[in-house]
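Lettering of chains follows the sequences in order, A, B, ..., and the numbering in each one begins at 1.
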Number of protein chains: 2
Amino acid sequence: MNIHKLNKIFDHRVRLGIMSALLVNDGVNFKFLKEVLDVTDGNLASHLKTLEENKFIKVEKGFIGRKTNTTYKVTRAGEKAFKLHLTALEQMIKNLQ
Amino acid sequence: MNIHKLNKIFDHRVRLGIMSALLVNDGVNFKFLKEVLDVTDGNLASHLKTLEENKFIKVEKGFIGRKTNTTYKVTRAGEKAFKLHLTALEQMIKNLQ
DNA sequence: TTATTTACTTTGTATTTCAAAGTACTTTTA
DNA sequence: TAAAAGTACTTTGAAATACAAAGTAAATAA
């Protein structure tokens with residue numbers, strides 16, 4: 001069974017959502033993620049941290065005018081790992097039909 | 001985003017694996033699950049318990065000859081919930097391609 | 001009869017998840 | 001311009017979950 005191809009980090013639906021959002025949007029901010037995923041600040045922050053610690057996303061801190069601006073982007077490794085995960089999921093689903 | 005259609009219970013890959021195995025096999029035992037999922041006894045037991053508490057699987061205890069035999073089966077509710085989950089996953093994946 | 005194996009269950013710790021409160025600004029209002 | 005409110009996170013600690021090791025009870029083998 002290809003459960004072993006699934007990545008533990010992407011088990012959680014919030015992290016799945018973050019990765020999806022980053023793959024299609026290429027540079028996303030905290031507020032956007034918070035709204036789209038409908039999670040609390042602390043919860044979102046901790047999932048982002050997990051993804052960052054695993055080098056699946058990178059955090060870019062800068063300014064827009066004089067306001068701090070943080071954007072989250074997917075890394076190469078993150079994209080690769082996530083796509084492998086999705087492929088494994090797809091296979092699992094396919095085998096059920 | 002359809003993360004909200006994902007079921008928290010099916011987040012974990014071991015439970016995803018259990019449900020998949022039950023959907024295609026219709027009546028499965030502890031040993032089989034343990035081997036196919038490659039988990040420890042205690043770990044498997046606790047995931048089975050979670051699924052049972054949520055009424056997604058049912059446990060049938062009986063005998064084969066004089067040996068106890070336990071089989072795990074998916075319930076109607078479990079099948080329904082799992083299929084909804086898979087549909088949501090499929091949608092997510094589709095939207096990324 | 002004793003030892004071993006099988007099929008789980010129990011137990012306790014480690015890890016993860018989560019929301020509330022905190023911080024360090026910036027912006028608005030009086 | 002001083003105080004109040006808002007924004008964008010971070011920190012903290014408790015609650016929930018995951019996990020492996022040890023335990024148990026029955027069957028089978030030696």
Q) Is the shortest side-chain N/O distance from B:H47 to OP1 or OP2 of D:dT17 below 4.0 Å? A) no
Interatomic distance, [X] [atom1] vs [N] [atom2] [rounded to whole Å]:
X	N	atom1	atom2	answer
A:F63	D:dT7	CZ	C1'	14 Å
B:E53	D:dT17	CD	P	9 Å
B:L37	D:dA18	CG	P	14 Å
A:L44	C:dA19	CG	C1'	13 Å
B:K61	C:dT6	NZ	P	18 Å
A:D11	D:dA16	CG	C1'	16 Å
B:R15	D:dA16	CZ	P	15 Å
A:N54	C:dT15	CG	P	15 Å

Q | Pairs where residues 68-77 of chain B contributes a residue and the test salt bridge (Lys or Arg N to Asp or Glu O under 4.0 Å) is met, not counting sequence neighbours | A | B:E60-B:K73
Q) Tell me the salt bridge (Lys or Arg N to Asp or Glu O under 4.0 Å) pairs involving residues 21-39 of chain B, sequence neighbours left out? A) B:K34-B:D41
Would you find a donor on one side and an acceptor on the other, under 3.5 Å apart, between the side chain of [X] and the backbone of [Y]?
X	Y	answer
B:N95	B:Q91	yes
A:H85	A:I9	no
A:N54	A:T50	yes

Q: Could you walk me through whether A:I18 and A:L37 pass side chain to side chain contact (heavy atoms under 4.5 Å, CB included), step by step?
A: CA-CA 8 Å; A:I18 293 171; A:L37 300 172; 3.5 Å; yes
Does some side-chain heavy atom of [Y] sit less than 4.5 Å from a side-chain heavy atom of [X]?
X	Y	result
A:L23	A:F82	yes
A:T75	A:K80	no
A:L48	A:F30	yes

What are the atom names and distances for every N/O pair under 3.5 Å that joins the protein to nucleotides 11-15 of chain D?
none

Q | Closest contact, heavy atoms only, B:G78 versus B:V74 | A | C-CG2, 4.0 Å
Q | Minimum-distance pair of heavy atoms, taken over all atoms of B:V28 and B:A21 | A | CG2-O, 4.3 Å
**Q.** Stretch residues 64-74 of chain B: residues that reach within less than 4.0 Å of DNA chain C through a heavy atom
**A.** B:K67, B:T70, B:Y72
Q.
So if I take residues 21-32 of chain B and measure heavy-atom distances to DNA chain C, which residues fall below 4.0 Å?
A. B:F30, B:K31
Q: Under 4.0 Å between any heavy atoms, over every strand shown, what does B:K49 touch: base, sugar-phosphate, or nothing? Just pick one.
A: nothing
Sort me out a list of protein N/O and nucleotides 3-5 of chain D N/O pairs below 3.5 Å, or just none if empty.
none

Which pairs, protein N/O on one side and nucleotides 1-3 of chain C N/O on the other, fall under 3.5 Å?
none

Q. Which of these nucleotides, D:dA20, C:dC18, D:dC19, is closest to any side-chain atom of A:H12?
A. C:dC18
Q: For B:L84, check side-chain contact (heavy atoms from CB on, under 4.5 Å) against everything at least two apart and list the hits.
A: none
Q.
By the ring pair (Phe, Tyr, Trp, His ring centres under 6.0 Å) test, which pairs, at least two apart or in different chains, include something from residues 48-67 of chain B?
A. B:F10-B:F56
Q) Of all residues at least two apart in sequence or in a different chain, which pass the side chain to side chain donor-acceptor pair (under 3.5 Å) check with B:E79? A) B:K83
(Q) Per the side-chain hydrogen bond (donor to acceptor under 3.5 Å, both in side chains) rule, what does the pair list look like for residues 5-21 of chain A, sequence neighbours excluded? (A) A:D11-B:R13, A:R13-B:D11, A:R15-A:H47
Q.
Could you work out, with salt bridge (Lys or Arg N to Asp or Glu O under 4.0 Å) as the rule, every residue matching B:K55, not counting sequence neighbours?
A. none
